[in-house]
Novice: 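This is the structure I want to talk about, given as structure tokens.
For the single chain, residues carry numbers from 1 onward in sequence order. As the structure lists them, so they are numbered: ligands from 1, and atoms in each ligand from 1.
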Amino acid sequence: MGWSEELLAFHEEIAKYNLGPLWDVIHEIITREPVETAVPYLWKWPVIRERVMKSGQLITPERGGERRVVFLENPGLKARGFRAAATQTLYVGIQLLLPGEIAPSHRHSQSAVRFIIEGNGAYTAVDGEKIYMERGDYILTPAWTWHDHGHEGSEPMIWMDGLDSPFVQLINASFFEPHAEKRQPITKPDNYSVKRYGVGMLRPLGDRHHGYPSPLAVYQWTHTWAALQNLKAFDPDPFDGYAVQFINPANGQSADPRIDGVMQLLTPGMHTRAHRHLSSAVYHVVQGSGYTVINGTRFDWEKGDFLALPAWAWHEHVNTGSEDAVLFSITDTPLMELLDLQRVQEWTEADGHQPVKSVFEPLR
Ligand code: GTQ
């Protein structure tokens with residue numbers, strides 16, 4: 001840095017008193033723009049699925065400290081000692097529940113959302129209601145609600161968990177409590193929230209529910225799929241194709257106040273324009289095949305794969321297959337908006353497309 005001997009001695013002297021010189025670190029603390037900590041990364045589904053199934057032979061949910069989950073760990077964050085994070089703010093785990101098993105009831109200050117990948121016959125009980133999980137469903141476990149999972153079916157059940165745990169850890173806001181009983185008492189009819197709010201635009205007259213948490217706990221695939229198909233009659237969003245956000249039907253806001261869920265459809269040949277935003281995301285490929293260019297690197301994906309998009313990374317999507325490609329993603333957009341930190345920038349050169357400088361080689 002070119003500091004004089006005298007100044008360096010001063011740095012050492014004040015350090016003894018747990019004090020520091022701003023001039024020595026100001027450009028590390030206040031960078032011109034976000035620096036790459038989490039890296040763009042892709043996990044192949046066969047790699048994940050094989051390990052998740054193997055975990056089923058090695059550990060039970062109870063012995064696993066409540067849940068049997070294999071999580072995505074962003075190598076950029078792991079290298080900095082920040083574990084169990086897919087992006088700076090988002091955690092993603094792949095959970096396995098076998099027939100007859102119970103993942104015991106607990107609650108925590110972290111918000112959780114789930115996307116169902118395979119199997120049927122399992123439920124998640126949230127706040128006194130059993131919600132049966134089916135492929136493609138998006139399910140909420142709002143912060144501090146009791147939740148346990150049970151399996152009444154006959155085949156392994158696999159789903160994606162999305163939590164804001166890295167963010168909650170960063171601000172040291174974690175609270176956790178196990179329920180006194182393995183299974184919380186069921187006080188409502190099965191799929192209660194869908195029966196009352198599932199249509200989405202109608203509120204049972206006299207229902208006093210408003211605001212938080214969403215009165216709808218599960219967004220069933222048939223509705224999501226129909227919404228996307230209907231959107232195809234219109235022009236797609238230039239950056240996201242045909243995309244819908246899961247909202248709280250009582251207030252029109254993001255279904256969970258800290259984690260956004262998005263489902264997007266790319267028709268064959270569709271190539272979106274690149275942009276970047278401060279919010280980060282983790283994508284899961286529901287169907288189809290294609291690639292996403294992130295900061296000039298091409299990430300090829302197909303059904304089941306997971307892709308981490310760090311904060312402030314340029315990205316555009318391409319469907320290279322012959323069927324509609326569908327991407328589910330969770331983002332921290334609500335957090336960034338709440339904190340008034342969100343920024344969005346469009347890539348303006350070459351019709352909105354980045355030059356591709358390298359191709360990512362995923363572990364297989
Ligand atoms: O199912 O409650 O992947 O509490 C991580 C923490 C799942 C859950 C995770 C959790 C859960």
Novice: Would you call the rings of Trp45 and Phe306 parallel, tilted or perpendicular, taking 30° and 60° as the class edges?
Specialist: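 The arrangement is tilted - the two ring planes meet at 30° to 60°.
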Novice: Specify the protein heavy atom at minimum distance from atom 6 (C) of ligand 1: its residue, its atom name, and the distance to 0.1 Å.
Specialist: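 It is Leu163 CD2, 3.8 Å.
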Novice: Parallel under 30°, tilted from 30 to 60°, perpendicular over 60°: which one fits the rings of Tyr91 and Phe71?
Specialist: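 Aromatic pair Tyr91/Phe71 classed tilted.
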Novice: Report the part of Tyr91 in contact with ligand 1, treating N, CA, C, O as backbone and CB onward as side chain, heavy atoms under 4.0 Å; options are side chain, backbone, both, neither.
Specialist: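 Side chain only; the backbone of Tyr91 stays clear of ligand 1.
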Novice: Report the nearest protein non-hydrogen atom to atom 8 (C) of ligand 1: residue, atom name, distance rounded to 0.1 Å.
Specialist: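 Going atom by atom, the protein heavy atom closest to atom 8 (C) of ligand 1 ends up being Arg67 NE, 2.9 Å.
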Novice: Which ligand 1 atoms does Val69 reach within 4.0 Å, using its non-hydrogen atoms?
Specialist: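 Within the 4.0 Å cut-off of Val69, ligand 1 contributes 3 (O).
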Novice: Going by the salt bridge (Lys or Arg N to Asp or Glu O under 4.0 Å) test, name the single residue among Glu346, Glu33, Glu316 that passes it with Arg276.
Specialist: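 In the set Glu346, Glu33, Glu316, the residue that makes a salt bridge (Lys or Arg N to Asp or Glu O under 4.0 Å) with Arg276 is Glu33.
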Novice: With distance as the sole test, does Thr145 use its side chain to make a donor-acceptor pair with the main-chain N or O of Pro142 at under 3.5 Å?
Specialist: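 Here the side-chain-to-backbone pair exists.
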Novice: How close does the nearest protein non-hydrogen atom get to atom 1 (O) of ligand 1, and which residue and atom is it?
Specialist: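 Nearest neighbour among protein heavy atoms for atom 1 (O) of ligand 1, to 0.1 Å: His149 NE2, 2.7 Å.
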Novice: Starting from atom 9 (C) of ligand 1, what is the nearest protein heavy atom, named by residue and atom, and what distance separates them?
Specialist: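 Going atom by atom, the protein heavy atom closest to atom 9 (C) of ligand 1 ends up being Asp161 OD2, 3.4 Å.
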Novice: What about Phe360 and Tyr41, are their ring centers closer than 6.0 Å?
Specialist: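 Yes, they do, as the ring centres are separated by less than 6.0 Å.
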Novice: Tell me, which protein residue and heavy-atom name are nearest atom 10 (C) of ligand 1, and how many Å apart are they?
Specialist: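 Scanning the protein heavy atoms, the shortest distance from atom 10 (C) of ligand 1 goes to His108 NE2, 3.9 Å.
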Novice: Checking contacts here: is it the side chain or the backbone of Glu66 that comes within 4.0 Å of ligand 1, counting heavy atoms only? Could be both or neither.
Specialist: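 For Glu66, there is no contact with ligand 1 at all, from either part.
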Novice: May I ask you to decide whether Asp305 forms a salt bridge with Lys303, counting only side-chain N to carboxylate O separations under 4.0 Å?
Specialist: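 Not counted as a salt bridge, because no side-chain N and carboxylate O are separated by less than 4.0 Å.
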Novice: Examine ligand 1 and decide if any of its atoms is less than 4.0 Å from a heavy atom belonging to His106.
Specialist: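 Heavy atoms of His106 do come under 4.0 Å of ligand 1.
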Novice: Any chance you could pull the hydrophobic cluster mates of Phe82, using side-chain heavy atoms under 4.5 angstrom and chaining through other members?
Specialist: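 Via sub-4.5 Å side-chain contacts, Phe82 links to Leu77.
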Novice: Using a heavy-atom cut-off of under 4.0 Å, does the side chain or the backbone of Arg114 touch ligand 1, or both, or neither?
Specialist: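 Contact part for Arg114 vs ligand 1: side chain (C-beta onward).
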